[in-house]
Amino acid sequence: MSDIEDLYREIILDHYRSPRNAGELETPPATKAEGFNPLCGDEIVVYLILDDAGIITDLKVGGQGCSISQSSASMMSAAVKGKTVEHAREVMKTFKGLMSIAETGAELTEPTPDEIRKLGDLAALRGVVKFPTRIKCATLSWNTLDEALNEAQA
Amino acid sequence: MTATATTATTFAALKKDFPILQTQRHGKPLTFLDSAASSQRPTQVLDAMNLAYTTAYANVHRGVYGLAEAATNAYETARLKTARFIGAPDSSEVIFTKNATEALNLVAYSWGRTNLGPGDAIVLTTMEHHANIVPWQMAAAEKGFEIRWIHLGQDGQLDLSTLDRLLDGAKMLSITSMSNVLGTINPLEHLIPAAHAAGALVCVDACQSVPHMPTNVADMGADFVAFSGHKMLGPSGIGVLWGRMELLEAMPPFLGGGGMISNVTIEGFMPDAVPSKFEAGTPPIVEAVGLAAAIDYLEAIGMENIRQHEIELTAYALRKLREELGDNVTIHGPSEPAQRGGVLSIELKDVHAHDVSQILDSHGVAVRPGHHCAKPLMKEMGVNATARASFYLYNDTNDVDTLAAALSDAHSFFAI
Ligand SMILES: Cc1ncc(COP(=O)(O)O)c(C=O)c1O
């Protein structure tokens, strides 16, 4: 497989063409966070509702951008909607590890094969690491989710 | 032989002067189409800089030994050459900066902060690069003057229908000579007299025009003109601000330090004369030598010929991309090649600019995705990102054919 085919796997193109959980939620009750990639102008807006038990009961993603940022956002929404905040943060950490990004102040730990398997569709984005400028596209929605979660928990 | 055939044969031979254009990317010959961001440089420029470093390098304007004198001479010769190249009446009006951004900041900081205050207004266009917006916004935030905007009209041209009202009472019009996104060449021959008639000065961001067409600041009639060396075959790290001597003399210094003073005591300092007043610290010495070599190279080909070559190439590209991609491609900017520079902002149906550029890169084709540091313009155009292909004297119709084929590939790759 060429690097380009590895980057643009079919599952990525599928999420790009039919994004899951696309749209908006009313704020309040939803919390909203916006993320920008100043390099290419991509924008992601994450709306989410957190219940008292710490479960993300609803989540929608707005904005516009390239196939990598849009598919990553779609996969992110599918991976964390209906899950707990702890679970969402766990997936975020594994995904960032896959993108060779360490948590602030922590050593970079490569995800184990088992952890990667648990990522499901998201694992298809692993081809992105070979294209350093695109890592920001792939992580934009996750950083925006992080902000929305912090906001909702504040 | 027709004029067209002459230029075509001259230009066909140029590629070999540029070592980087002989290299490969992803196993494909490099097709470099990002000169609007920064050009490549010929062996002549690289050799001149190498020679300066190996035989005539020392700090300028300080030493009395022969080497320092040689370096100072080379630096000042570059100033003379630059002045002649842009038709400056007096070479002391040429100030070397780090880049065009610093040159524009110099005007906004030194002239702007001295001459603008509450109740004053300046006029910008929404077509400006951030380098000609943000310095003015910073000065406005501090000094409380108003910024008025000339907006985008039809066919990539400015809407000048309310020009008189916008200029009324304004003290400055700061405007790009050519858009780095649309390629639009603005009608300065009309705008500069109109601004002067209204009592405003004119600052021209000439980054995209000086490398590609003849420039004569005296004929143009502007008050300040800024451009960068790295977009005209010169090195990065050097830019130029030209200004009318009378204005430069009245302006306070921008950066302070060595080289810009005539005297310093513990009570204060006396600035040196123009241009030293605006050249604090060790200047871009060898970069100036490189810029002078770039000017020699450009002049040997002739700026008129370069402009003609780029009009022909742009006309060919507009035709070729339309043929190859039909309605699947949108090219922003003026439809008439003679009214624009060789900058094509491309949108491919259903494919984001970032993805277009990625697929093109796998074909060895270098184009730039994004907002091109012109977010207000992109907003008026109603697009978030384009893939920008831009031409220079070393590009030819083969490069356009490679671009067209790579765009077709990107389109079929992402086609639903
Ligand atoms: C129209 C225009 N103005 C200003 C600039 C800024 O030039 P530099 O980054 O060399 O300061 C550019 C280059 O990107 C440009 O295209």
Side-chain angles (χ1 to χ4, degrees), chain A residues 1-20 22 34-45 61-75 99 124-144, chain B residues 25-28 34 37 129-131 133-134 180-181 332 345-388 405-416:
Chain A
M1 202 187 302
S2 76
D3 285 355
I4 275 287
E5 284 162 353
D6 194 22
L7 175 68
Y8 294 121
R9 286 163 184 258
E10 201 45 50
I11 183 89
I12 293 177
L13 297 180
D14 177 59
H15 275 272
Y16 177 45
R17 286 165 189 154
S18 5
R20 327 293 195 256
E34 285 176 282
F36 297 93
N37 183 346
L39 229 61
C40 58
D42 284 5
E43 280 170 45
I44 294 280
V45 193
V61 185
Q64 55 72 38
C66 67
S67 61
I68 302 300
S69 73
Q70 293 297 292
S71 63
S72 178
S74 168
M75 292 177 190
M99 295 293 117
L125 282 164
R126 64 198 308 174
V128 171
V129 248
K130 287 189 211 131
F131 299 86
T133 57
R134 305 306 292 277
I135 293 176
K136 279 209 170 73
C137 306
T139 51
L140 179 62
S141 58
W142 290 92
N143 292 333
T144 315
Chain B
R25 303 294 302 167
H26 311 291
K28 311 257 170 53
D34 195 22
H129 187 282
H130 295 166
I133 296 178
V134 181
N180 65 314
V181 177
H332 296 276
S345 260
I346 299 168
E347 266 191 285
L348 208 49
K349 192 157 171 270
D350 298 326
V351 195
H352 190 274
H354 220 156
D355 296 313
V356 172
S357 304
Q358 192 83 62
I359 303 276
L360 263 52
D361 179 54
S362 71
H363 287 260
V365 178
V367 301
R368 170 153 307 225
H371 51 62
H372 318 298
C373 297
K375 286 193 93 168
L377 173 61
M378 300 295 280
K379 187 160 184 215
E380 291 208 336
M381 288 160 65
V383 299
N384 285 291
T386 66
R388 182 185 69 185
L407 283 170
S408 290
D409 181 42
H411 188 258
S412 36
F413 192 97
F414 279 92
I416 298 179

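Note that the structure is predicted; figures quoted are calculated from it, not measured. Each chain gets a letter, A, B and so on, in the order the sequences are listed, and its residues count up from 1.
- Annotation for R126(A): atom CZ does not count as buried by contact number, only 12 or fewer foreign heavy atoms lying within 6.0 Å.
- Across all non-hydrogen atoms, the minimal contact from I359(B) to I4(A) is CD1-CG2, 4.1 Å.
- Residue contact with chain B, scored on non-hydrogen atoms closer than 4.5 Å, is absent for Q70(A).
- Within the model, atoms OG of S67(A) and CG of D350(B) stand 12.5 Å from one another, a figure rounded to the nearest 0.5 Å.
- Here CG of D361(B) is found 7.5 Å from CZ of F131(A). Values are rounded to the nearest 0.5 Å.
- Other residues, nucleotides and ligands contribute at most 12 non-hydrogen atoms within 6.0 Å of the NZ atom of K379(B).
- By the 4.5 Å heavy-atom criterion applied to side chains, L7(A) and Q358(B) are counted as neighbours.
- No hydrogens or angles considered: a donor-acceptor pair under 3.5 Å links the side chains of D42(A) and H352(B).
- Between Q64(A) and V383(B), the closest side-chain pair of non-hydrogen atoms is not below 4.5 Å.
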What do the steps show when you test E43(A) against N384(B) for side chain to side chain contact (heavy atoms under 4.5 Å, CB included), and what is the final call?
CA-CA 9 Å; E43(A) 280 170 45; N384(B) 285 291; 3.8 Å; yes
